[in-house]
Amino acid sequence: MLELGSLEDLPEEYRAALTEQNLVPLWPSLRAVLPPGKPIPRTKPVCWPYKGLRPLLLKAGELTPIEKAERRVLVLANPGHGLEKMQASSTIYLGMQLLLPGEWAPAHRHTPNAVRMIVEGEGAYTTVNGEKCPMNRGDLILTPTGLWHEHGHDGEKPVVWLDVLDLPVVYYMEASYVTEGNAQTVSVEAAEHAYQLGGVVPAPVFTRNDQPFPMLRYPWANVRKALETLAVNQPEIEAVQVAYVNPETGSDCQKILGFSALMLRPGEHLALPARSSAMVFHQIEGSADVTLEGHQFCLSDADTCCIPGYIQVTLSNRSADLPAFIFIADDAPLQKKLGVYEVRN
Ligand code: GTQ
């Protein structure tokens, strides 16, 4: 590949004349924006062990009252992007949120989409568009773009959950903003029972459910059962993995980020092909090694890590006796819509 001219090759007064008219020569920067063969990601492989994070999050509970935080969150920031950017990858935002007994995080709605993966505690709930969703370990709760949401806690112990948002994308598009609201009236207790069974959906004669986000809570007990059933009934399947989808359409449950749950059978090593999308792994149960070029992360309960795209990764269950369960977030839905999604074998 030809070596291109640098900025310094150009006479100073020429460069000044360009700058004067808001013009930039492409060739000195061409290889940076179009590197040969594959991208040069800013996203670094990073792991955030829960053991290190938890005491600092609980300390934030002492240092900052909820009224002074609105959302009491420690952001899992990728140093490759600069910590101040508050990004795990180019598209994914991750935050660990703490709610103490009796606290309330007031209602708002915003353009970025969020999901919550519940990490610990009982008795908290998120109310999304009037639907009250209890928060228990491993549950996934959607708070999609534009829907009102607030968090409350009637339990006795701290509750912690992982927030996954497409905030970096929506912010980059200069489309990120929030609207404050009043406490919602609860109109329905979590309606996930309407979608108990794959393949059949509620179909009332007079109204079809045409909401863009019909299912807001995916209880872990159901997802875990689906994975275990899959493992038992399809022993030949390559990856015991289920995607969180919109039960009305079967497509990704949100438009920008995709979510799935993976079960590693006891002793299983699963080699994933290099894909163009960055990925986040969060350990729900058990423990697993995440191995990629030059890095190995050992994930145990509630640990979270992020890896860039275009890299092969192997997931290994560290136990020979017990399954390991991992929650996965990636930006494949966005990449597919934009036509840049790739799998390299
Ligand atoms: O709970 O609504 O981690 O609005 C970042 C922004 C959580 C939330 C975050 C948010 C929220």
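Under the 3.5 Å distance criterion, the side-chain polar atoms of S260 are left unmatched by any main-chain donor or acceptor of Q241. Of the possible polar contacts, one joining the D139 side chain to the W220 backbone as a donor-acceptor pair under 3.5 Å is found. Side chain of S316 to backbone of R318: no donor-acceptor contact under 3.5 angstrom is found. Under a 3.5 Å cut-off, the side chain of Q283 and the backbone N or O of E285 do form a donor-acceptor pair. Looking only at distances, no side-chain donor or acceptor of N246 sits under 3.5 Å from a matching main-chain atom of S251. With hydrogens and angles ignored, the 3.5 Å screen pairs a side-chain donor or acceptor of N317 with a backbone N or O of L322.
Between H282 and F327, the ring planes are perpendicular. Angles over 60° get that label, and only those under 30° would be called parallel.
A salt bridge is defined here as a Lys NZ or Arg NE, NH1 or NH2 lying under 4.0 Å from an Asp or Glu carboxylate O, and R15 with E13 fails to meet this definition. The residues R54 and E120 are annotated as salt-bridged, a charged nitrogen and a carboxylate oxygen being separated by less than 4.0 angstrom.
Rounding to the nearest 0.5 Å gives a distance of 13.5 Å between CD of Q87 and CG of L76. Separating the OG1 atom in T304 from the CE atom in M117 is a distance of 10.0 Å, to the nearest 0.5 Å. Summarising the geometry, atom CD belonging to Q254 is positioned 6.0 Å from atom CZ belonging to F213; distances are rounded to the nearest 0.5 Å. Atom OH of Y218 and atom SG of C253 lie 4.5 Å apart (nearest 0.5 Å).
Heavy atoms only, all atoms of each residue included: R265 and P235 are closest at NH1-O, 3.3 Å. Across D321 and P266, no two heavy atoms sit closer than the pair O-CG, 3.6 Å. Contact detail for G152 and W104: the closest heavy-atom pair is CA-CD1, 4.0 Å. The two residues R72 and P65 have their closest heavy-atom pair at NH2-C, 3.9 Å. Nearest heavy atom pair, residue Q184 against residue V128, reads OE1-C, 3.9 Å. Summarising the geometry of V119 relative to R137, their closest heavy-atom pair is O-CD, 2.8 Å, with the distance given to 0.1 Å.
Across Q335, K38, E342, a single residue satisfies side-chain hydrogen bond (donor to acceptor under 3.5 Å, both in side chains) together with S276, and that is Q335.
T127 and E150 share no donor-acceptor pair across their side chains, judged by distance under 3.5 Å alone.
The closest side-chain heavy-atom distance from V159 to L98 is not below 4.5 Å. Inter-residue side-chain proximity for Y310 and P41 is flagged as unmet; no heavy-atom pair is nearer than 4.5 Å. Side-chain contact check for L334 versus T91: some heavy-atom pair is nearer than 4.5 Å.
A search for side chain to side chain donor-acceptor pair (under 3.5 Å) contacts involving E67 returns nothing, not counting sequence neighbours. Every residue was checked against the side chain to side chain contact (heavy atoms under 4.5 Å, CB included) condition with A17, not counting sequence neighbours, and none meets it. The side chain to side chain contact (heavy atoms under 4.5 Å, CB included) check on P49 picks up C47, D303, with sequence neighbours excluded.
Taking the six-membered ring where the residue is Trp, the centroids of H110 and H108 are separated by under 6.0 Å.
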